[in-house]
Amino acid sequence: MPPFETVIYEIPAPGVARITQNRPEARNAQNHQLTYDLNAAFDEAAADESVKVIILAGAGPHFSAGHDLRGGGPPLSSYPTVGTWREFNKKGAEGYMAVEEEIYLGMCRRWRNIPKPTIAQVQGKCIAGGLMLAWVCDLIVASDDAMFSDPVVQMGVCGVEYFAHPWELGARKAKEMLFTADWVTAQDAYRLGMVNHVVPREELESFTLALAEKIAQKPSFALKLAKEAVNQTLEAQGQWQAMLAVFNLHQLAHSHNQELYGMRIDPSGIPGAVRRQ
């Protein structure tokens with residue numbers, strides 16, 4: 001397997017793969033390269049019959065600063081398209097909706113449904129698009145200094161593309177996170193059921209690996225079916241249909257901002273978002 005440009009892929013223990021976002025200088029902000037490297041690494045772990053559990057981590061002091069607002073890099077068309085929404089260069093809402101369907105909603109949906117248990121290993125800040133990466137995982141282990149936030153309402157958008165807030169936090173706390181852009185601490189996230197464990201920062205890696213090794217002792221097919229059972233229950237509750245509906249509202253917000261400001265987000269919210277990173 002060739003090395004990835006922005007991801008470290010390793011097998012730290014039998015039956016366990018660890019995928020580490022490796023853009024610490026950018027606080028692991030998600031550019032196109034990182035997104036497609038993550039997808040390729042998840043595919044690698046999913047295809048490896050010896051891997052039973054996947055850990056998703058972030059190098060450096062922070063798990064993820066979310067989407068890389070600086071842009072730049074090769075155009076999306078230069079990457080191997082994974083989904084079927086293409087024509088990214090179409091004018092108006094059509095092209096940009098295709099982009100976000102591909103690299104945000106579609107990718108997250110794909111990773112969420114990997115038929116192997118996944119664990120997010122979260123330290124430091126986990127912002128907006130970083131929440132999406134953590135939320136697609138089956139379990140979340142957070143360091144005691146971890147902090148979570150979705151500040152995109154201040155940029156004129158109703159929330160991140162993979163809108164799992166009500167399921168992860170409950171309806172009222174989800175509204176508070178969105179309305180205020182305040183931080184949710186690791187301890188509050190644990191109390192609300194979003195996080196499975198909170199551990200000291202220096203124990204985060206070892207604790208997460210031990211948890212993964214414990215899970216890897218179980219029969220692989222039973223693990224797959226158990227994951228599917230819970231995911232299907234969420235589907236029966238309407239989770240995916242609700243996400244699709246909110247994704248459409250998200251696109252409406254982008255179109256509104258484009259008409260008002262000539263860009264897809266309210267520029268007045270950018271300084272605050274950048275400071276958070």
Side-chain angles (χ1 to χ4, degrees), residues 1-4 6-24 28 34 37-64 107-108 110-126 130-146 148 164 168 186-187 189-234:
M1 179 187 64
F4 298 105
T6 61
V7 161
I8 299 170
Y9 184 95
E10 55 191 335
I11 305 295
V16 180
R18 182 163 56 216
I19 300 168
T20 304
Q21 305 164 81
N22 192 31
R23 297 188 75 214
N28 297 317
L34 177 56
D37 280 351
L38 281 172
N39 187 67
F42 275 125
D43 277 354
E44 179 71 22
D48 187 341
E49 292 184 3
S50 70
V51 170
K52 299 172 73 175
V53 183
I54 304 168
I55 295 171
L56 176 62
H62 303 292
F63 177 74
S64 175
M107 290 285 197
C108 285
R110 195 167 188 270
W111 303 336
R112 180 255 196 190
N113 289 332
I114 292 172
K116 297 181 180 184
T118 55
I119 307 173
Q121 176 183 302
V122 179
Q123 82 283 3
K125 293 178 178 178
C126 180
L131 292 173
M132 292 162 42
L133 295 181
W135 286 346
V136 299
C137 293
D138 301 306
L139 307 179
I140 301 176
V141 179
S143 63
D144 52 10
D145 65 347
F148 304 87
E168 298 290 347
Q187 293 75 19
Y190 175 77
R191 178 177 56 82
L192 292 163
M194 189 186 99
V195 164
N196 295 86
H197 300 278
V198 178
V199 300
R201 176 75 166 255
E202 61 272 16
E203 298 175 16
L204 178 63
E205 182 176 322
S206 60
F207 182 95
T208 305
L209 181 57
L211 178 60
E213 289 181 287
K214 182 177 183 179
I215 295 170
Q217 295 172 11
K218 308 298 188 296
S220 61
F221 190 47
L223 289 171
K224 292 174 183 177
L225 293 178
K227 175 171 181 171
E228 189 70 6
V230 176
N231 283 358
Q232 285 185 2
T233 300
L234 292 172

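One is the number of the first residue; the rest follow in order along the sequence. Scope of the values below: all heavy atoms of this structure, side chains included, with no hydrogens, waters or symmetry mates.
In this structure, Glu202 places its CD atom where more than 12 heavy-atom neighbours from other residues, nucleotides or ligands lie under 6.0 Å away.
Residues Pro12 and Leu209 approach most closely at CG-CD1, 3.7 Å, considering heavy atoms. The shortest heavy-atom contact between Val51 and Ala45 is CB-O, 3.7 Å. Residues Val122 and Ala146 share a closest heavy-atom pair of O-CB, 4.0 Å. The two residues Ala212 and Ile55 have their closest heavy-atom pair at CB-CD1, 3.8 Å. When all heavy atoms of Ile54 and Lys116 are compared, the pair lying nearest together is CD1-CB, 4.5 Å. Closest non-hydrogen pair, Val198 versus Ala186, comes out as CG2-O, 3.5 Å.
In this structure the side chain of Pro200 reaches within 4.5 angstrom of the side chain of Asp144, judged on heavy atoms. Between Phe4 and Ile19, every side-chain heavy-atom pair lies at or beyond the 4.5 Å cut-off.
Of the inter-residue distances, the one linking Asp37 atom CG with Arg23 atom CZ reads 10.5 Å to the nearest 0.5 angstrom. In this structure, Leu56 CG and Ser64 OG are separated by 9.0 Å, a value rounded to the nearest 0.5 Å. Considering CG of Asn113 and SG of Cys108, their distance stands at 11.0 Å, rounded to 0.5 Å. Atom OG of Ser143 and atom CD of Glu205 lie 12.5 Å apart (nearest 0.5 Å). Atom CD1 of Ile119 sits about 8.5 Å away from atom CG of Asn196, to the nearest 0.5 Å. The distance from atom CG of Leu192 to atom CD of Gln187, rounded to the nearest 0.5 Å, is 11.5 Å.
Between the Glu168 side chain and the Val195 main chain, no donor and acceptor come within less than 3.5 Å of each other. A side-chain donor-acceptor contact under 3.5 Å links Asn28 to the backbone of Ala59. For Asp138 (side chain) and Thr118 (main-chain N/O), a donor-acceptor pair under 3.5 Å exists by modelled atom type. A distance-only check finds no donor-acceptor pair linking the side chain of Arg18 to the backbone of Ile8 [under 3.5 Å]. At distances below 3.5 Å, at least one donor-acceptor pair connects side-chain atoms of Gln21 with backbone N or O atoms of Ala57. When atom types are taken as modelled, the side chain of Gln121 and the backbone of Val141 share no donor-acceptor pair closer than 3.5 angstrom. Side-chain N or O atoms of Lys227 include one that pairs as donor or acceptor with a backbone N or O of Ile114 at under 3.5 Å.
Applying the side chain to side chain contact (heavy atoms under 4.5 Å, CB included) criterion to Pro115, with sequence neighbours excluded, gives Lys224. Here Phe207 pairs with His197 under the ring-ring contact (aromatic ring centres under 6.0 Å, His included) rule; sequence neighbours left out.
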request  = Show your reasoning for whether side chain to side chain contact (heavy atoms under 4.5 Å, CB included) applies to Trp135 and Met194.
outcome  = CA-CA 8 Å; Trp135 286 346; Met194 189 186 99; 3.3 Å; yes
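In this model, no donor atom of one side chain and acceptor atom of the other lie less than 3.5 Å apart for Thr20 and Asn22.
Between Asp43 and Arg110 there is a salt bridge, since at least one side-chain N of the basic residue sits less than 4.0 Å from a carboxylate O of the acidic one.
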